[in-house]
Number of protein chains: 2
Amino acid sequence: MGAGRSGGRPTISDVAALAGVSVSAVSKVVNNKGGIAEPTRRRVLEAVDKLQWSPSAAAVALRGARTRAIGMVSRRPPDLLTSDPHFTVLISGIERELAPVDYGLLLHIVGGQDDAERRAYRRLAEERRVDGVILTESLVRDTRFDLLRGLGLPAVLIGTPWREDPVPAVRAPHQERGVTEAVEHLAALGHRRAAYVLGPEDRVHTGFRRRVFEEAARRHGLSPVLLPVPDFTAEAAASATEESLSLADRPTAILYANDMMAIAGINAARRRGLEVPRDLSVVGHDDLPLGALVQPRLTTVGQDLVGLGRAAALRLVAELGGTAAEVPAIAPPGLVVRESTAAPGT
Amino acid sequence: MGAGRSGGRPTISDVAALAGVSVSAVSKVVNNKGGIAEPTRRRVLEAVDKLQWSPSAAAVALRGARTRAIGMVSRRPPDLLTSDPHFTVLISGIERELAPVDYGLLLHIVGGQDDAERRAYRRLAEERRVDGVILTESLVRDTRFDLLRGLGLPAVLIGTPWREDPVPAVRAPHQERGVTEAVEHLAALGHRRAAYVLGPEDRVHTGFRRRVFEEAARRHGLSPVLLPVPDFTAEAAASATEESLSLADRPTAILYANDMMAIAGINAARRRGLEVPRDLSVVGHDDLPLGALVQPRLTTVGQDLVGLGRAAALRLVAELGGTAAEVPAIAPPGLVVRESTAAPGT
DNA sequence: TTGAAAGCGCTAACAT
DNA sequence: ATGTTAGCGCTTTCAA
């Protein structure tokens, strides 16, 4: 007895009562545990259906099972989410894989402080809100891996870890290809001096791209100018652009860490009376749809962000379920040539 | 006794044991329930600290308390998240208020089908994963209100509900101001024929803007052309633009439902050999940072999306806590004049 | 094949 | 001021 207290949502015992079986029978049926006669099974399923019941996530989680949610913590200031769609695109990819397997995504966007981020992970773990987390923006000397291991929270990193082995990571094959192609493209157009407005130096990929850039530049007789900026804002891109354009020996081409920054760069160049691509070639990063809409249409290093997100989600879910990950191929980065690059001084 | 089973995370009884008090004492301390002597309080807090303990969200939720998470379900196809930052900006605003009060945001992005969305809300409620939800994109004959009421899930709508009273809603004051100002601006420039590429017709705001537009146009002797599109994609904007530009009596100005669409429209106009703003004036919607970076810089109807997100979050949290909402003012929409509008035929 | 019962970690009556 | 205890809704032995 004892079911159906009017107010609340139905519980497993309401279902059991309606089906005329015990709660454990219901549990077995809904969890496919077997050992239940077919007619009983039917009755239970009918009751479940009639009552529109589904197990309380809290109770299931408390019982030690999974929460069926994965977490993501982003440290960028909320406003930046807006101007840098990078993160958002990753999320689309992640959700695309999470939704079909009924996992939720718990998002935490914390303010600038490093500490807030660590606290967020700590809470996620200690309060057992999520089964695992997806990490983005791999940092040099990233302390999150140790933290997460200490917390016993499974994680998957999108990107290249700063050193071997910390957590499973997903990344595109042939990482170097995009930047290399960009340099080759510029060299072939006749450029001899190219700048790279890099992201913040604490990012692993900043260092990686820098090395790839320098090496490719050397191979192709291009002299590289490196301009790391403190953050991914349009403002930072604009001032790095100004700076490089006021160099005595100014570059005839500039690469940017992402497309929005590239667009900001084009804008900054214009304010100095320079026309793109006539006076300056510009290459972005990420290949967001936007790039094809602006004038001039943006030449950019395409990245399979959606693929990375999907792969990370799949990898983590597999990890949690103890199954092997069936991760779809991630496209390697590659140059998408449009209109913002041309021969210098044309 | 009975505490500290080596493996797992510490529980409230570990804390109680370490502090030499009962579990209820610990509970009272951490929940500020009073009735605890100061020295005891200290000891408990010390134990909490030493053990790095925090209450299990699952247990708290099961106990009937709050989950401290709010949900959001978006029905747009994942890819669109990318090109339409609208949703993302809202999320920044929401997170900005959620983070300080330690609420999480559980995001569900479901594919196109209407049914998937309803199922998502249903699960959120039945599994008691969230305490409430924030609804965006108010629809005509929106069925979500009834669903949510049936589920007993508190909700706050961002926008104008299609009829009175379904759920608390937050919206900017002087809704009509933005579009009205845009029309006045165009009329003052000498335009006599303006088009409006509206969002899908099932959106409440589409109808609202349409009426405001028509009315303002009438007042100012502008003949309006209305072009609803099936979705917010760049492609839809481009083809609506083409269509309107091939009209015998083609408009000299076009408003768009959002900035990305406006940029796509500018692009479409260019492909027809038209220059903006010389041959066509363009006005966007939302005033995303991007608008100031493109060429020509976009004239647009600014919306306080971050403010809307913040207000919605605050409102919902207040609703859940039973406290009165101390909602910050939301800025009314207003025209931001930049370079994509000019006198026709100039 | 089915059911009874013991918790999971916590809060809130209700003692003391 | 502090402790005891009964569940919250579920899963899972263990018995029947």
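All chains are named by letter (A, B, ...) in the order of the sequence lines, taking the proteins before the strands, and each is independently numbered beginning at 1.
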Colleague: From the list dG9(D), dC10(C), dT2(D), which nucleotide is the closest neighbour of the side chain of A37(B)?
Modeller: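 Closest of the options to the side chain of A37(B): dT2(D).
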Colleague: Can you tell me if CZ on R149(A) sees more than 12 non-hydrogen neighbours from other groups inside 6.0 Å?
Modeller: yes
Colleague: In whole Å, what is the span from the CD atom of E126(B) to the P atom of dC10(D)?
Modeller: 11 Å
Colleague: Could you please name the option among dG3(C), dT2(D), dC10(C) that lies closest to any side-chain atom of A59(B)?
Modeller: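 That would be dC10(C).
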Colleague: Just the rounded figure in Å: distance from P of dG9(D) to CG of D14(A).
Modeller: 9 Å
Colleague: Over how many whole Å does the gap from E127(A) atom CD to dC10(C) atom P extend?
Modeller: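 That distance rounds to 11 Å.
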Colleague: Please check this pair: side chain of D142(B) against backbone of S138(B), looking for a donor-acceptor N/O pair closer than 3.5 Å.
Modeller: no
Colleague: Below 4.0 angstrom, N of the basic side chain to O of the carboxylate: do R43(A) and E46(A) qualify?
Modeller: no
Colleague: Using whole Å, report how far CD1 of I12(A) lies from C1' of dT12(D).
Modeller: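 Whole-Å distance recorded here is 11 Å.
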Colleague: Which of these nucleotides, dT11(D), dC10(C), dG9(C), is closest to any side-chain atom of R63(A)?
Modeller: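 The listed nucleotide nearest to R63(A)'s side chain is dT11(D).
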Colleague: Under a 4.0 Å threshold between the charged nitrogen and the carboxylate oxygen, would R315(B) count as salt-bridged to E319(B)?
Modeller: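 Salt bridge: yes.
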Colleague: Expressed in angstrom and rounded to an integer, what is the separation of I36(B) atom CD1 from dA12(C) atom P?
Modeller: 13 Å
Colleague: Could you tell me whether a side-chain N or O of D14(B) sits under 3.5 Å from a main-chain N or O of T11(B), the two making a donor and an acceptor?
Modeller: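 Looks like yes, one N/O pair under 3.5 Å.
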Colleague: Of the candidate nucleotides dA4(C), dC10(C), dC8(C), which contains the atom at the shortest distance from the side chain of P55(B)?
Modeller: dC10(C)
Colleague: Look at the side chain of S24(B) and the base of dT4(D), then say whether one donor and one acceptor between them are separated by less than 3.5 Å.
Modeller: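 Under the 3.5 Å cut-off, the side chain and the base do form a donor-acceptor pair.
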Colleague: State which residues pass side-chain hydrogen bond (donor to acceptor under 3.5 Å, both in side chains) with R171(B); sequence neighbours excluded, sorted by chain then number.
Modeller: none
Colleague: Using atom CZ of R41(A) as one end and atom P of dT1(C) as the other, report the distance to the nearest whole Å.
Modeller: 13 Å
Colleague: Could you tell me the separation between the CZ atom of R129(B) and the P atom of dC10(D), rounded to a whole number of Å?
Modeller: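 That distance rounds to 13 Å.
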Colleague: With sugar-phosphate meaning primed atoms plus P, OP1 and OP2, does S56(A) contact a base, only sugar-phosphate, or nothing at under 4.0 Å between heavy atoms?
Modeller: sugar-phosphate
Colleague: With sequence neighbours excluded, tell me which residues meet side-chain contact (heavy atoms from CB on, under 4.5 Å) with L18(A).
Modeller: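 side-chain contact (heavy atoms from CB on, under 4.5 Å) list for L18(A), sorted by chain: A47(A), K50(A), L51(A).
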Colleague: Rounded to whole angstrom units, what separation is found between the CG atom of L62(A) and the P atom of dT11(D)?
Modeller: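 After rounding, the gap between these two atoms is 11 Å.
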Colleague: Expected output is a numbered-order residue list: members of residues 25-33 of chain A with a heavy atom under 4.0 Å from any atom of DNA chain D. What is it?
Modeller: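 Correct list: S27(A), N31(A), K33(A).
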